*Asks:* 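Dropping the structure in here first, questions after.
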Protein chains: 2
Amino acid sequence: MSIEKRTQHELDDETLFVVSQTFKALSDPTRIRILNMLCCEEHSVNDIAEKLDLNQSAVSHQLRFLKNLRLVKFRREGTTLYYSSDDDHIINLLHQAIDHAKH
Amino acid sequence: MSIEKRTQHELDDETLFVVSQTFKALSDPTRIRILNMLCCEEHSVNDIAEKLDLNQSAVSHQLRFLKNLRLVKFRREGTTLYYSSDDDHIINLLHQAIDHAKH
DNA sequence: TATATATATGAACATATACTCATATATAAC
DNA sequence: GTTATATATGAGTATATGTTCATATATATA
């Protein structure tokens, strides 16, 4: 099999890493709930924690995870940070999967 | 907030579980490589193991994982099992993410 | 029946993950 | 400065995950 033919099928390490990290972000129920909450409107950390009945620290840890992957962004207003989604394409993947799961 | 309004935003447990499991399947580099290999044509277990330089047992374990989620199927020919993808929609999600990762 | 080949399975292990707790940091108001 | 509020962070911990190794199972052939 030629190198050209192989590369059609085999994914390079960089792509493999990015794709797996992206799906890893979407593979945890807590992160799914957070992303689903942030897809349409921004929310503060405490707001997310209260509405989803989660520990503030747990939410903050997960938001850092999502921010590192640039899936969410935030703006500051005083001591409050308002988070919102920052990757329409990945949010779209999430919604496709949700629709698929609901049949 | 009304129940109707809430359910617009909050996902039910069943959906949450299915979605997270689906993305979990796509979140491991080995499974991504296997699914990417199976998307276009069927392959035997040994064929997958050799082409992707993986342990036969590791491939078999991952195929069981993917089969439980009905992402792959197989047909038998003698002692050989030929696996292929069995969920076009999820394969489509994978390819969207790959394209997204490659920019 | 015995042997060979292909695949599946279970245990063991190392690593990754998600959470909680305690505490640190940052901003605002006093 | 002090105090209050909102969020971030690091350590510790329990569980989940992916792999390897050894072995079991299934099918085909002699």
Side-chain angles (χ1 to χ4, degrees), chain A residues 11 13 16-38 42-86, chain B residues 11 13 16-38 42-86:
Chain A
L11 301 166
D13 289 349
L16 206 53
F17 179 75
V18 173
V19 171
S20 63
Q21 283 296 110
T22 301
F23 283 127
K24 194 155 293 181
L26 301 173
S27 72
D28 177 69
T30 299
R31 285 193 292 269
I32 292 174
R33 296 174 73 208
I34 292 174
L35 283 173
N36 188 57
M37 186 174 174
L38 296 180
E42 63 181 14
H43 291 278
S44 70
V45 178
N46 274 339
D47 193 23
I48 297 168
E50 283 174 28
K51 290 221 172 70
L52 301 184
D53 192 28
L54 296 168
N55 191 299
Q56 175 269 319
S57 179
V59 173
S60 191
H61 278 295
Q62 297 294 11
L63 286 171
R64 181 168 58 168
F65 184 105
L66 296 171
K67 192 159 62 69
N68 285 340
L69 290 174
R70 300 181 191 280
L71 298 187
V72 300
K73 60 178 189 273
F74 67 87
R75 69 177 180 87
R76 177 181 287 278
E77 199 168 292
T79 58
T80 303
L81 302 186
Y82 290 98
Y83 280 82
S84 56
S85 62
D86 195 31
Chain B
L11 302 166
D13 289 349
L16 206 52
F17 180 75
V18 172
V19 171
S20 63
Q21 283 296 111
T22 301
F23 283 127
K24 194 156 293 183
L26 301 173
S27 71
D28 176 69
T30 299
R31 287 192 291 269
I32 293 174
R33 295 174 74 208
I34 293 174
L35 283 172
N36 188 57
M37 186 174 174
L38 295 181
E42 64 181 14
H43 290 277
S44 70
V45 178
N46 275 338
D47 192 23
I48 297 168
E50 283 173 28
K51 290 221 171 72
L52 300 184
D53 193 29
L54 296 167
N55 191 300
Q56 176 268 319
S57 179
V59 173
S60 191
H61 278 296
Q62 297 294 10
L63 285 171
R64 179 169 61 170
F65 184 106
L66 295 171
K67 192 160 60 69
N68 285 340
L69 290 173
R70 298 180 192 280
L71 299 187
V72 300
K73 62 176 187 277
F74 68 87
R75 68 177 180 87
R76 175 181 288 277
E77 199 167 292
T79 57
T80 302
L81 302 186
Y82 291 98
Y83 279 83
S84 56
S85 62
D86 196 30

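These numbers were taken from a predicted model, which means no experiment stands behind them.
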*Asks:* According to salt bridge (Lys or Arg N to Asp or Glu O under 4.0 Å), does anything in residues 63-73 of chain A pair up with another residue at least two apart or in another chain? List the pairs.
*Replies:*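 For residues 63-73 of chain A: A/K73-A/D86.
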
*Asks:* Sequence neighbours excluded and cut-off under 3.5 Å, please list the side-chain donor-acceptor pairs for residues 54-62 of chain B, or say none.
*Replies:*
| unit_1 | atom_1 | unit_2 | atom_2 | d |
| --- | --- | --- | --- | --- |
| B/N55 | OD1 | B/S57 | N | 2.8 |
| B/Q62 | OE1 | B/R31 | NH1 | 2.9 |

*Asks:* Please identify each residue that fulfils ring-ring contact (aromatic ring centres under 6.0 Å, His included) with A/Y83, with sequence neighbours left out.
*Replies:*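 Here the qualifying residues are A/F74.
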
*Asks:* State the pairing partner of C/dA14; accept Watson-Crick or G-U wobble contacts with both distances under 3.5 Å, and report none otherwise.
*Replies:*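 For C/dA14, the partner nucleotide comes out as D/dT17, under the 3.5 Å rule.
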
*Asks:* Would you please name every residue forming a side chain to side chain donor-acceptor pair (under 3.5 Å) with A/R75, sequence neighbours left out?
*Replies:*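 Checked A/R75 against side chain to side chain donor-acceptor pair (under 3.5 Å); matches are A/E42, A/E77.
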
*Asks:* With the sugar-phosphate defined as primed atoms, P, OP1 and OP2, and the base as all remaining atoms, what B/S/- string results for nucleotides 7-21 of chain C, 5' to 3', for protein heavy atoms under 4.0 Å?
*Replies:* BBBB------SSSBB

*Asks:* Going by side chain to side chain donor-acceptor pair (under 3.5 Å), name the residues that satisfy it together with A/D47, two or more places apart in sequence or in a different chain.
*Replies:*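 Listed in chain order: A/H43, A/K51.
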
*Asks:* When the distance from CG of A/L16 to P of D/dG18 is rounded to whole Å, what number comes out?
*Replies:*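 Between P of D/dG18 and CG of A/L16: 13 Å.
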
